[in-house]
Amino acid sequence: MPEKIAESERDGFACYYAATAEAGPRPTLLRALAGLASRPLAAGPPLAVDLGCGTGRDTLPMLAAGLLVLAVDREPAALAELRRRASVAALSAGLVTRCRDFTRLRLPPADLVNGSFCLPLCPPERFPALWRRIRRALRPGGRVAGQLYGPRDEWAGRPGITTHRPDEVAALCAGLEVEWLEEEESETMTPRGRRKRWHIWHLVARRPINADPG
Ligand SMILES: C[S@@+](CC[C@H](N)C(=O)[O-])C[C@H]1O[C@@H](n2cnc3c(N)ncnc32)[C@H](O)[C@@H]1O
């Protein structure tokens, strides 16, 4: 079972970062990276955007895989820790960090837009525009990977939390090749030791080579 930890309150993130400091990459990221391996070498190093990157649980494996990564988070302390970890691992050369609200960010053309456990933290009124920007950023053959929350997640209905029903997930993926879509319902602890009911969509989808981004 994939690890499921996230906090919605900003003051929970310091605890979240500490609790996940040693955690490995998300399975959705690994799936997307496996897909990138078939990309022609002549195309140059792939460019990825890691939205809500935190301290780099996914960013560091992306850098290690040879991607150039634009890592975005609004928590300066998380980005400082990410830069420190990248430097220790001699991976800083491919890393650019931005301390920004990813829900309002213009995204560069990318081979991968990764949003692990952060996309549901985009307020519902901003989610459609965010998703449009993500789709438009995808280069032909580019992928989006991450998690969405379903309507039975315990945080559904909280201010600032976006959830998606199955038909809404299908609409988000229209025109994309869905490489992995897994629904998960479970109950586990958050880093602050609270039990939480989770309803998660794990998603990896690819823009077809010859298709409009939609
Ligand atoms: C649950 S953590 C996930 C971190 C990492 N992606 C992972 O999978 O472990 C969510 C991250 O998204 C960031 N975040 C949430 N909303 C954001 C926003 N609107 N703009 C930028 N960062 C945001 C938080 O600061 C936090 O680092």
Side-chain angles (χ1 to χ4, degrees), residues 1-33 48-63 67 69-86 95-107 110 112-134 137 143-149 153-155 158-163 180 182 184 188-194 196 198-204:
M1 180 188 298
E3 183 188 356
K4 310 163 291 294
I5 39 182
E7 289 289 342
S8 64
E9 300 93 344
R10 291 191 74 188
D11 65 0
F13 284 126
C15 175
Y16 175 89
Y17 300 140
T20 59
E22 303 304 322
R26 303 285 184 187
T28 37
L29 172 72
L30 293 178
R31 179 67 179 258
L33 287 182
V49 182
D50 194 11
L51 301 175
C53 60
T55 55
R57 172 183 187 152
D58 283 349
T59 314
L60 294 167
M62 285 189 235
L63 292 166
L67 279 68
V69 184
L70 171 62
V72 184
D73 205 288
R74 65 184 173 193
E75 294 293 333
L79 293 175
E81 175 62 6
L82 165 59
R83 286 191 296 268
R84 188 195 68 77
R85 295 172 78 190
L95 175 66
V96 173
T97 58
R98 288 268 181 284
C99 192
R100 295 282 297 277
D101 176 350
F102 69 73
T103 71
R104 301 179 187 277
L105 193 68
R106 282 176 80 124
L107 302 176
L112 170 62
V113 179
N114 187 57
S116 287
F117 282 94
C118 66
L119 299 177
L121 308 183
C122 174
E125 66 277 12
R126 291 216 287 277
F127 193 92
L130 170 65
W131 191 253
R132 257 195 316 277
R133 281 199 298 277
I134 290 174
R143 288 173 173 81
V144 55
Q147 285 72 28
L148 303 167
Y149 287 167
D153 194 275
E154 192 173 313
W155 291 343
R158 281 193 187 188
I161 297 289
T162 296
T163 60
W180 185 15
E182 184 180 326
E184 178 180 337
T188 58
M189 302 295 248
T190 72
R192 289 197 286 184
R194 295 184 190 152
K196 178 182 181 272
W198 301 89
H199 185 192
I200 304 170
W201 300 102
H202 300 276
L203 174 67
V204 180

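All figures in this text were calculated on a predicted structure; none of them were measured in a lab. Every heavy atom of this structure was used, including side-chain atoms; hydrogens, water molecules and symmetry mates were not. Counting convention: from 1, in listed order, for ligands and their atoms alike.
- Annotation: side chain of Ile161 is in contact with side chain of Leu121 (closest heavy-atom distance under 4.5 Å).
- Each of the following atoms of ligand 1 lies closer than 4.0 Å to a heavy atom of Gly54: 27 (O).
- Ligand 1 has a nitrogen or oxygen under 3.5 angstrom from a nitrogen or oxygen of Tyr17.
- Below 30°, between 30° and 60°, or above 60°: for Phe13 and Tyr17 the angle between ring planes is below 30°, a parallel geometry.
- Of all atoms in ligand 1, numbered sequentially from 1 with element shown, those under 4.0 Å from a heavy atom of Arg100 are 20 (N), 21 (C).
- Between Thr20 and ligand 1 there is no heavy-atom distance shorter than 4.0 Å.
- Counting atoms of ligand 1 from 1 in the listed order, those under 4.0 Å from a heavy atom of Cys118 are 12 (O).
- Between His202 and Trp180, the two ring planes are parallel [angle under 30°; tilted spans 30° to 60°].
- Here Arg100 pairs with nothing under the salt bridge (Lys or Arg N to Asp or Glu O under 4.0 Å) rule; sequence neighbours left out.
- Residue Asp58 has no N or O atom closer than 3.5 Å to an N or O atom of ligand 1.
- Formation of a donor-acceptor pair under 3.5 Å by the Arg57 side chain with backbone atoms of Gly24 is found in this model.
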Determine whether Leu107 and Leu70 satisfy the following criterion, side chain to side chain contact (heavy atoms under 4.5 Å, CB included), listing intermediate values before the conclusion.
CA-CA 9 Å; Leu107 302 176; Leu70 171 62; 5.7 Å; no

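- Around CZ of Arg133, the count of heavy atoms belonging to other residues, nucleotides or ligands within 6.0 Å exceeds 12.
- Annotation: Phe117 places no N or O atom under 3.5 Å from an N or O atom of ligand 1; distance criterion only.
- More than 12 heavy atoms of other residues, nucleotides or ligands sit less than 6.0 Å from atom CD of Glu125.
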Walk me through whether Asp50 and Ser116 qualify under side chain to side chain contact (heavy atoms under 4.5 Å, CB included).
CA-CA 8 Å; Asp50 194 11; Ser116 287; 5.5 Å; no

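- Both the backbone and the side chain of Ser116 come within contact range of ligand 1, each with a heavy atom under 4.0 Å.
- Taking a 4.0 Å cut-off on heavy atoms, Arg104 fails to register as neighbouring ligand 1.
- No heavy atom of Val72 sits closer than 4.0 Å to any atom of ligand 1.
- In terms of polar-atom proximity, Thr103 is not counted as a contact of ligand 1, lacking any N or O under 3.5 Å from an N or O of the ligand.
- Looking at Leu121 against ligand 1, only its side chain comes within 4.0 Å, counting heavy atoms.
- Where the criterion is an N or O separation shorter than 3.5 Å, residue side chain and backbone included, Arg57 fails it with respect to ligand 1.
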